[in-house]
Participant: 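Sending over a structure as structure tokens; questions will come in a sec.
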Amino acid sequence: VLGRLFGVRGLGRGLDGADGVRELYLAKSCARRSRFSTREPARTMTPPEITDHLVILAEMGHEDQVQESMRRLHPADAAELLDAIEEDDLRSRLFAHLETPRAAAVLSLLGDQARETLLDTLPEARLRAFLTALESDDAADLLAELPREKVERLLQLIPPRLSADV
């Protein structure tokens, strides 16, 4: 009966008490997730739920909502979210929605693997913008992770004052 009410086959068959209630809860939870809306994520969402929400929005092509959601995240939360994503392409796509000052802060907070894969894919123009947005010690840390040839090109492209500090 419960299965028919919620459109879940096999629900409640052979299960009683806590098992039936647990299965009903899981079925309802899965049904809600499968009908994910494109609205803004609620403040009470957990980091994995926010990640799921953003991934679904990105896969559905709702780039404006992805950008707005990423803009609202604290840099530490955005870094945690990007660290949790295993697909490099998706991580790069979500990271691209961050404005330069926030992206620079997020980049400095990312784990080594996520930062390394993002640095490999970022164009030099965006890296240059990050270097000018970061404090000199953070900019130096960022440059330390890049290949020498790229560092030399970037140092020629940034303002001389910043280049001397780094």
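FYI, side chains are in, hydrogens and waters are out, and symmetry mates aren't considered; it's all heavy atoms of this structure.
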Participant: Could you walk me through whether L155 and L143 satisfy the side chain to side chain contact (heavy atoms under 4.5 Å, CB included) test, starting with their C-alpha distance in whole Å, then the side-chain angles of each, then the deciding distance to 0.1 Å, before giving a yes or no?
Facilitator: CA-CA 9 Å; L155 287 175; L143 288 171; 3.8 Å; yes
Participant: Check L142 against F130 and note the closest heavy-atom contact, atom names and distance.
Facilitator: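 Looking at all heavy atoms of both residues, the closest pair is CD2-CB, 4.3 Å.
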Participant: Work out which heavy atom in A133 is nearest to a heavy atom in P101; give both atom names and the distance.
Facilitator: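 Heavy atoms only, the tightest pair is CB-CA, 4.3 Å.
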Participant: To the nearest 0.5 Å, what is the distance between NE2 (H53) and CD1 (I50)?
Facilitator: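 Result: 9.0 Å between the selected atoms.
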Participant: Could you pull out all residues at least two apart from D89 that satisfy salt bridge (charged side-chain N to carboxylate O under 4.0 Å, His left out)?
Facilitator: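 None.
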Participant: Hey, could you give me the CE/NE2 distance between M70 and H97, rounded to the nearest 0.5 Å?
Facilitator: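 Rounded to the nearest 0.5 Å, the CE-NE2 separation comes to 8.0 Å.
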Participant: Does a side-chain heavy-atom distance below 4.5 Å link L119 with L127?
Facilitator: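 Yes; the side chains approach each other to less than 4.5 Å.
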Participant: Salt bridge check, E124 against R128: does any charged N sit closer than 4.0 Å to a carboxylate O?
Facilitator: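 Between E124 and R128 there is no salt bridge, as every charged N stays at least 4.0 Å from the carboxylate O atoms.
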Participant: Does any N or O in the side chain of R71 come within less than 3.5 Å of the main-chain N or O of L98, such that one atom is a donor and the other an acceptor?
Facilitator: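 The answer is no, because no donor-acceptor pair under 3.5 Å joins these two groups.
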Participant: If every non-hydrogen atom of L57 is compared with every non-hydrogen atom of S69, which pair is closest and at what distance?
Facilitator: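 Taking L57 first and S69 second, the nearest heavy atoms are CD1-OG, 4.4 Å.
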Participant: Counting heavy atoms not belonging to Q113, are there more than 12 under 6.0 Å from its CD?
Facilitator: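 Open.
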Participant: Just so I know, are the side chains of T100 and R126 near enough to count as touching, which here means a heavy-atom distance under 4.5 Å?
Facilitator: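 SC-SC contact between T100 and R126 confirmed.
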Participant: Which is it for F95 and L107 under the side chain to side chain contact (heavy atoms under 4.5 Å, CB included) test, yes or no, and what are the steps along the way?
Facilitator: CA-CA 9 Å; F95 183 78; L107 195 60; 4.2 Å; yes
Participant: Would R148 and E152 count as a salt bridge (charged side-chain N to carboxylate O under 4.0 Å, His left out) here? Give the steps.
Facilitator: CA-CA 6 Å; R148 185 172 185 80; E152 290 172 0; 3.3 Å; yes
Participant: Can E86 and R91 be counted as an ion pair, charged N to O under 4.0 angstrom?
Facilitator: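 So E86 does not pair with R91 through a salt bridge.
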Participant: Atom CD1 of I158 and atom CG of L131: how far apart are they, to the nearest 0.5 Å?
Facilitator: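 Going from CD1 on I158 over to CG on L131, the span is 5.5 Å.
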Participant: Going by side chain to side chain donor-acceptor pair (under 3.5 Å), name the pairs with one or both residues in residues 102-112, residues two or more places apart or in two chains.
Facilitator: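 Found D112-R115.
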Participant: First locate atom CG of L82, then atom CG of L118, and finally report the distance between them rounded to the nearest 0.5 Å.
Facilitator: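 That separation rounds to 6.5 Å.
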Participant: Between L109 and A79, which heavy-atom pair has the shortest distance, and what is it?
Facilitator: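 That would be CB-CB, 3.7 Å.
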Participant: Nearest 0.5 Å please: distance from the CD1 atom of I85 over to the OG atom of S92.
Facilitator: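 I85 atom CD1 to S92 atom OG measures 10.0 Å (nearest 0.5 Å).
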Participant: Please round to the nearest 0.5 Å and tell me the distance separating atom CG of L94 and atom CG of L81.
Facilitator: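 Interatomic distance, L94 CG to L81 CG, rounded to 0.5 Å: 6.5 Å.
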Participant: Looking at every non-hydrogen atom in both residues, tell me the closest pair between K150 and L122 and how far apart they are.
Facilitator: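 So the minimum-distance heavy-atom pair works out to NZ-O, 4.1 Å.
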Participant: Looking only at non-hydrogen atoms, find the nearest pair between A78 and V106 and report the distance.
Facilitator: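 So the minimum-distance heavy-atom pair works out to CB-CG2, 3.8 Å.
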Participant: Ignoring hydrogens and angles, tell me if any N or O in the side chain of D83 forms a donor-acceptor pair with the backbone of L110 under 3.5 Å.
Facilitator: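 Checking the backbone N and O of L110 against the side chain of D83, no donor-acceptor pair under 3.5 Å is found.
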